[in-house]
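Here is the structure we will look at, set down as structure tokens.
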Amino acid sequence: MSSGLSEAASLFKSASIPLYTSPTSLTWVLLDYFDTVRDEVPGSMSRAKFLFLWIRYYTILLAVFDVAQIHSFSKFRPSLEVCVAMDSIIRVVGAISLWSVEIIMQLRIYALYNCSKRVATFNIILFLMSIAGFLWILVHNAEGRAAVIHSAKELPIPGCPVVHTGIEWAQWVPATIFEGVLFAFALVKSLQKLILKLKGGLYVNGFLFSIIVHDNLLYFFGVTSLLVLNNLMGATHIPWFSYSPFHVAIGIMTSRMLMHLHKAVLKGRTVYSEANSSTPSSRTLPNGHTQVPSTHATMSWSVNRTETFVGSGEKHAGR
């Protein structure tokens, strides 16, 4: 009897933590929204703008869903079947957000590598493999979850018990590995640029290039840290905070990253326009390359290989 009460008290305490973290996360994303709503990308709808709006507003809806689900379930005792189903639903709706962001990051890596089809194909294959790994682990855990939480459901506590199932700790490992690969691509490009600078042979002005590399590195560090934390919450004694902080942090980082790039593009166009009349039509560099101004109204320069870097809705012309 005492062991049952002790388990019930422990589960009740664990379930109470998300009651505070989920509304805090919703408040965070709403504050960020009202703070940056004036910076939303203007103009007609495009693929880039659609992706931005999708990430921005899906994150808000996801935070609302987290609060509604967590707080409503704390008021009654849902059935065993409902708890099993909701456990999978919570992970899938969060994964949709992460997958959407990973598509954007793949496009940025694609741009950094001059629209290399080999890089794009490699990342798409890994992306699909990470999704397959996620779904396999999800199904594996769902099949055994009913048996794992059956005894906990008999206890006199509301909501669904916070009990980790099978290899739940590995749920986000495929995504973590894929994020690590994307991070490596961004890091390699950053190191290449650094080496060129040290050799004094950097002939491509890195206006938007530097911004994308810098933002990519910051994003990958942030999202990888969040994914590792999620994995640790399922494998260690770190308390369960719910996925709400993770959902909101991913959305805010991605939205601000895209808005940062958009501002940089506008700034580059303004500076280029002002300096256009006094800019030489071309010049020859010490290494023999011919350098001409970019025709995409950015602060980048094209070399005779026609490497014109653009971001946020623009493209590379190269490979």
Side-chain angles (χ1 to χ4, degrees), residues 1-30 58-98 134-173 175-176 225-251:
M1 181 66 178
S2 60
S3 61
L5 291 175
S6 176
E7 182 182 3
S10 177
L11 291 174
F12 183 80
K13 181 179 179 180
S14 297
S16 66
I17 296 177
L19 293 175
Y20 299 97
T21 58
S22 58
T24 301
S25 300
L26 177 59
T27 303
W28 179 22
V29 73
L30 289 177
Y58 184 75
T59 300
I60 296 175
L61 292 176
L62 201 53
V64 172
F65 168 80
D66 289 333
V67 172
Q69 183 270 321
I70 291 171
H71 281 260
S72 63
F73 273 43
S74 69
K75 306 299 182 183
F76 69 104
R77 297 180 62 187
S79 66
L80 180 65
E81 292 75 16
V82 170
C83 284
V84 172
M86 186 56 65
D87 184 77
S88 297
I89 291 173
I90 291 171
R91 284 160 174 74
V92 170
V93 295
I96 290 174
S97 174
L98 180 62
F134 173 90
L135 294 176
W136 183 87
I137 295 172
L138 183 73
V139 172
H140 179 274
N141 289 331
E143 290 177 343
R145 184 158 182 80
V148 172
I149 69 173
H150 183 270
S151 59
K153 284 296 297 176
E154 300 297 325
L155 298 173
I157 55 175
C160 296
V162 182
V163 178
H164 298 297
T165 308
I167 55 172
E168 184 179 327
W169 58 270
Q171 184 69 78
W172 301 100
V173 168
T176 305
S225 300
L226 291 171
L227 287 170
V228 170
L229 177 60
N230 274 341
N231 294 329
L232 291 176
M233 284 194 296
T236 66
H237 294 292
I238 296 177
W240 177 251
F241 296 111
S242 82
Y243 285 124
S244 192
F246 168 74
H247 297 158
V248 168
I250 292 292

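In plain terms, the two heavy atoms of Arg91 and Trp172 that are nearest each other are O-CH2, 3.9 Å. Across all non-hydrogen atoms, the minimal contact from Tyr58 to Val93 is OH-O, 2.8 Å. The nearest pair of heavy atoms linking Ala15 to Pro18 is O-CD, 3.3 Å. The two atoms that bring Val248 and Ala63 nearest to each other are CG2-CB, 3.9 Å, heavy atoms only. The two residues Leu80 and His150 make their nearest non-hydrogen contact at CD2-CD2, 4.0 Å. Of all the heavy atoms in Val84 and Ala142, the pair that sits closest is CG1-O, 3.9 Å.
When atom types are taken as modelled, the side chain of Arg77 and the backbone of Leu155 share a donor-acceptor pair closer than 3.5 angstrom. In terms of modelled atom types and a separation under 3.5 Å, the side chain of Lys153 and the main chain of Pro78 share a donor-acceptor contact. Between the side chain of Ser244 and the backbone N or O of Ser25 there is no donor-acceptor pair closer than 3.5 Å. The backbone N or O of Ile137 sits less than 3.5 Å from a side-chain atom of Asn141, completing a donor-acceptor pair. Between the side chain of Arg145 and the backbone N or O of Val163, at least one donor-acceptor pair lies under 3.5 Å.
Screening Ile60, Thr59, Asp66 for a side-chain contact (heavy atoms from CB on, under 4.5 Å) with His247, the sole residue that qualifies is Asp66.
Atom NZ of Lys75 sits about 12.5 Å away from atom CD1 of Ile70, to the nearest 0.5 Å. Atoms CD and CG, from Gln171 and Leu135 in turn, are 8.5 Å apart once rounded to the nearest 0.5 Å.
Looking at Cys83 and Ile149, their side chains come closer than 4.5 Å, going by heavy atoms from C-beta outward. Ile250 is listed as a side-chain neighbour of Phe246, based on a closest heavy-atom distance under 4.5 Å.
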Step-by-step side-chain contact (heavy atoms from CB on, under 4.5 Å) determination, Phe65 to Ile89: CA-CA 11 Å; Phe65 168 80; Ile89 291 173; 4.3 Å; yes
Please step through side-chain contact (heavy atoms from CB on, under 4.5 Å) for the pair Ser74 and Leu19, ending with a clear verdict. CA-CA 8 Å; Ser74 69; Leu19 293 175; 3.8 Å; yes
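Aromatic ring orientation, Tyr243 versus Trp240: perpendicular (interplanar angle above 60°, classes split at 30° and 60°).
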